[in-house]
Amino acid sequence: MKVSARDFGIKFQRLIADLVPYLRTKRIWISFAVAFVLLCAAIVVAALPKDRGDFLLYGKNIEVISYENGLNILTDGTLLERLDTSSQCQQFRSSMDGSVAAFLTEDQVLYLVEGQRVKKIAVDVQQFELSTTGEGLAYAQEAGDPCFLTLYNVPKRSSREITEHLSRMDFSLSPDGSNVAYYELRQGKEVLAVNRKEKRHTVTNEATDLIGISNDGKQIYAICSKARDHSILCSFHYRGQKQELGAISSISFKFNSDHRQIMYYSGGQTYISTNGQEGILVSSYPLYLVTAPNSQSTKDTNAITYPVHSLFDHVYTCFDGESNSAWLIKKNPDKSIKLVSKVSGCTLDASNKYLYYLHEMKQLRYIRLRDGKDAAEHFQVLADNVDSYALTANRKLAYFTSNSSLCTVSGKTGGAVKILCENTDSLTPVLNRGDWVYYLSEGQLYASKNGRSGTVVAENICSLYSSSNSVVYALGEEALYTSTIKKQLNQVNPS
């Protein structure tokens with residue numbers, strides 16, 4: 001267990017205080033020594049920095065930060081509201097575009113953040129789900145024996161009760177937030193039910209474990225039986241028809257934007273099922289999603305397009321038995337493409353046109369996605385001996401760490417490498433939306449742009465973080481800072 005310097009000082013002081021009655025029976029010089037030690041301990045404790053609590057971040061455009069014995073809700077790096085509570089954020093959900101978020105505190109209070117509003121939705125909440133569009137919020141409340149499931153319509157700011165006989169804190173909301181699948185007790189027996197278009201339907205009374213529901217509410221996905229070494233993935237029509245998709249060896253699934261397609265693993269292989277039909281083999285290995293930092297759809301008709309709300313037509317990585325590989329999974333699974341092999345880490349650029357990756361030999365490279373299966377033959381090497389990296393939005397520069405040094409190189413052509421800092425404390429370069437890179441060295445925070453030497457922008461900084469929306473957060477001994485586009489830091493929580 002990690003103990004802060006402040007806690008150590010307090011415990012040490014109490015230990016000495018407990019020894020005082022015993023030491024008083026000894027010689028007088030020991031009493032003087034004890035008094036001196038107590039005085040020193042008090043001075044040390046008083047001089048230690050104030051305990052500001054944990055530094056936790058959630059979300060995309062919306063962040064919930066636990067700091068200074070309170071919860072700070074920020075939108076795009078600007079403080080929206082502060083909740084003076086010692087209760088931590090226990091669960092957090094965000095819409096796909098990051099414009100709506102909901103979070104549950106340890107004292108079971110559910111909050112919704114929408115636009116410039118922070119609203120308390122309900123108390124005594126055990127579990128909740130926010131739809132990917134941010135339009136629906138389902139939550140379960142336990143009030144003695146009955147358990148209630150409620151669906152809140154975010155745009156209309158209205159709620160309706162789904163059931164007061166919820167049997168599990170296990171329910172699934174459709175992506176648009178209009179349909180919900182759940183378990184309830186009917187005549188003493190548990191059934192899987194769905195509320196579709198505000199009408200209730202019993203799906204099955206078979207023992208299942210719910211996974212998800214399609215956007216139109218017609219298909220409900222669940223594990224319908226379990227064996228020692230595998231489980232059976234099933235699709236149920238909302239009127240009860242059942243389709244076994246296959247035996248699965250990993251309880252890990254991915255849906256596309258409207259949940260009409262599900263990607264699953266069986267026997268170490270990857271399959272995709274469409275509309276509840278039997279799955280199509282995509283890869284002989286399990287695949288893992290790779291996303292762009294600020295994904296947007298490209299309008300270039302010559303390039304492969306990536307809809308913002310779709311997980312398919314996207315890049316995935318997999319382990320193929322010898323090394324990691326990057327794959328492009330098309331909406332037609334039969335046309336999926338293996339791009340490159342021997343990948344230890346990869347990211348898409350903001351335009352979704354280029355895939356940057358670390359080769360096994362610590363070489364930073366990139367390929368053009370439109371080259372498809374021939375991409376591996378046309379890779380561009382940017383730098384060698386790379387530990388981690390970050391890319392500016394326009395691909396002009398790539399920043400990377402190498403043996404505790406922070407370096408920069410052209411993000412398009414590679415070439416000459418410039419060292420910005422020979423002794424950085426940052427494991428990964430951190431960039432804001434203005435392409436300013438921030439890094440730590442000996443407790444000081446530096447900012448740099450366009451490969452120029454860094455300048456000190458803050459001191460006594462403990463940690464550094466960048467959100468998925470490229471907002472930089474810096475936790476200092478005296479305050480919390482943010483940066484979005486410009487170089488300077490904005491003080492969020494003054495001491």
Closest heavy-atom contact between [X] and [Y]?
{"X": "Phe128", "Y": "Phe103", "answer": "CZ-CA, 4.0 Å"}
{"X": "Leu440", "Y": "Leu445", "answer": "CD2-CD1, 3.8 Å"}
{"X": "Gly451", "Y": "Tyr399", "answer": "N-OH, 3.5 Å"}
{"X": "Leu210", "Y": "Ile220", "answer": "CD1-CG2, 3.5 Å"}
{"X": "Thr133", "Y": "Ser95", "answer": "C-CB, 3.9 Å"}
{"X": "Val471", "Y": "Gly77", "answer": "CG1-CA, 3.7 Å"}

For residues [X] and [Y], is any side-chain donor paired with an opposing acceptor at under 3.5 Å?
{"X": "Ser402", "Y": "Asn385", "value": "yes"}
{"X": "Glu459", "Y": "Gln444", "value": "yes"}
{"X": "Tyr271", "Y": "Gln269", "value": "yes"}
{"X": "Asp384", "Y": "Gln363", "value": "yes"}
{"X": "Gln219", "Y": "Ser235", "value": "yes"}
{"X": "Asp349", "Y": "Ser351", "value": "yes"}
{"X": "Ser441", "Y": "Thr424", "value": "no"}
{"X": "Thr347", "Y": "Tyr389", "value": "yes"}
{"X": "Asp76", "Y": "Thr78", "value": "no"}
{"X": "Tyr265", "Y": "Lys254", "value": "yes"}

Give a yes or no on this: more than 12 heavy atoms of other residues, nucleotides or ligands lie within 6.0 Å of atom [atom1] of [X].
{"X": "Leu281", "atom1": "CG", "value": "yes"}
{"X": "Lys362", "atom1": "NZ", "value": "yes"}
{"X": "Glu106", "atom1": "CD", "value": "yes"}

Side chains of [X] and [Y]: does their closest heavy-atom pair fall under 4.5 Å?
{"X": "Val492", "Y": "Tyr473", "answer": "no"}
{"X": "Val409", "Y": "Lys418", "answer": "no"}
{"X": "Val430", "Y": "Tyr465", "answer": "no"}
{"X": "Gln127", "Y": "Val125", "answer": "no"}
{"X": "Arg82", "Y": "Leu71", "answer": "no"}
{"X": "Asn432", "Y": "Tyr438", "answer": "yes"}
{"X": "Ser426", "Y": "Leu464", "answer": "yes"}
{"X": "Lys449", "Y": "Lys487", "answer": "no"}

### Task
Kindly state whether the ring of Phe253 and the ring of Tyr264 have centres lying under 6.0 angstrom apart.
no
### Query
Would Tyr366 and Tyr356 count as a close aromatic pair, with their ring centres under 6.0 Å?
yes
### Task
Begin from the C-alpha positions of Asp107 and Thr105 and carry the test side chain to side chain donor-acceptor pair (under 3.5 Å) through to its verdict.
CA-CA 5 Å; Asp107 54 2; Thr105 59; 2.3 Å; yes
Any sub-3.5 Å donor-acceptor pair from [X]'s side-chain atoms to [Y]'s backbone N or O?
{"X": "Asn61", "Y": "Thr75", "answer": "no"}
{"X": "Asp435", "Y": "Ala393", "answer": "yes"}
{"X": "Ser273", "Y": "Gly279", "answer": "no"}
{"X": "Ser158", "Y": "Asn153", "answer": "no"}
{"X": "Ser325", "Y": "Ser341", "answer": "no"}
{"X": "Asp97", "Y": "Ser99", "answer": "yes"}
{"X": "Asn256", "Y": "Arg260", "answer": "yes"}
{"X": "Asp216", "Y": "Lys218", "answer": "yes"}
{"X": "Asp387", "Y": "Asn403", "answer": "yes"}
{"X": "Asn215", "Y": "Asp258", "answer": "no"}

### Task
Would you please test Thr150 and Ser159 for side chain to side chain donor-acceptor pair (under 3.5 Å) and show each step?
CA-CA 7 Å; Thr150 303; Ser159 60; over 6 Å; no
To the nearest 0.5 angstrom, please state how far the [atom1] atom of [X] sits from the [atom2] atom of [Y].
{"X": "Asn423", "Y": "Ser404", "atom1": "CG", "atom2": "OG", "answer": "6.5 Å"}
{"X": "Leu475", "Y": "Ile461", "atom1": "CG", "atom2": "CD1", "answer": "7.5 Å"}
{"X": "Arg395", "Y": "Leu382", "atom1": "CZ", "atom2": "CG", "answer": "8.5 Å"}
{"X": "Leu130", "Y": "Gln91", "atom1": "CG", "atom2": "CD", "answer": "12.0 Å"}
{"X": "Leu420", "Y": "Arg452", "atom1": "CG", "atom2": "CZ", "answer": "11.0 Å"}
{"X": "Ser388", "Y": "Leu406", "atom1": "OG", "atom2": "CG", "answer": "8.5 Å"}

### Task
Evaluate the criterion side-chain contact (heavy atoms from CB on, under 4.5 Å) for residue pair Leu83 and Ile73; output intermediate values, then yes/no.
CA-CA 8 Å; Leu83 303 177; Ile73 297 96; 3.8 Å; yes
### Message
Go through it in stages, so that I can follow the logic: the residues are Ile367 and Tyr357, the test is side-chain contact (heavy atoms from CB on, under 4.5 Å), and I'd like the CA-CA distance, side-chain angles, deciding distance and then a yes or no.
### Response
CA-CA 9 Å; Ile367 58 173; Tyr357 64 97; 3.9 Å; yes
### Message
Using a 6.0 Å distance limit plus a 45 degree cone around the ring axis, check whether Arg365 lies over the aromatic ring of Phe379.
### Response
yes
### Task
Applying side-chain contact (heavy atoms from CB on, under 4.5 Å) between Arg433 and each of Ser470, Ser466, Ser483, report the one that passes.
Ser470
### Task
Any chance you could lay out the side-chain contact (heavy atoms from CB on, under 4.5 Å) test for Leu358 and Val386, step after step, and finish with the verdict?
CA-CA 8 Å; Leu358 280 178; Val386 176; 3.5 Å; yes
#### Entry: Cationic N near anionic O, under 4.0 Å, Arg93 to Glu129
yes
#### Entry: Audit row: Cys421, Tyr439, side-chain contact (heavy atoms from CB on, under 4.5 Å) steps and yes/no
CA-CA 9 Å; Cys421 179; Tyr439 58 93; 3.5 Å; yes
### Task
Start with the C-alpha gap between Tyr354 and Lys412, add the side-chain angles, then the distance that decides, and say whether side chain to side chain donor-acceptor pair (under 3.5 Å) holds.
CA-CA 10 Å; Tyr354 298 89; Lys412 298 180 180 180; over 6 Å; no
### Task
Give the intermediate values and the outcome of side chain to side chain donor-acceptor pair (under 3.5 Å) for residues Thr274 and Gln261.
CA-CA 4 Å; Thr274 302; Gln261 290 183 309; 3.0 Å; yes
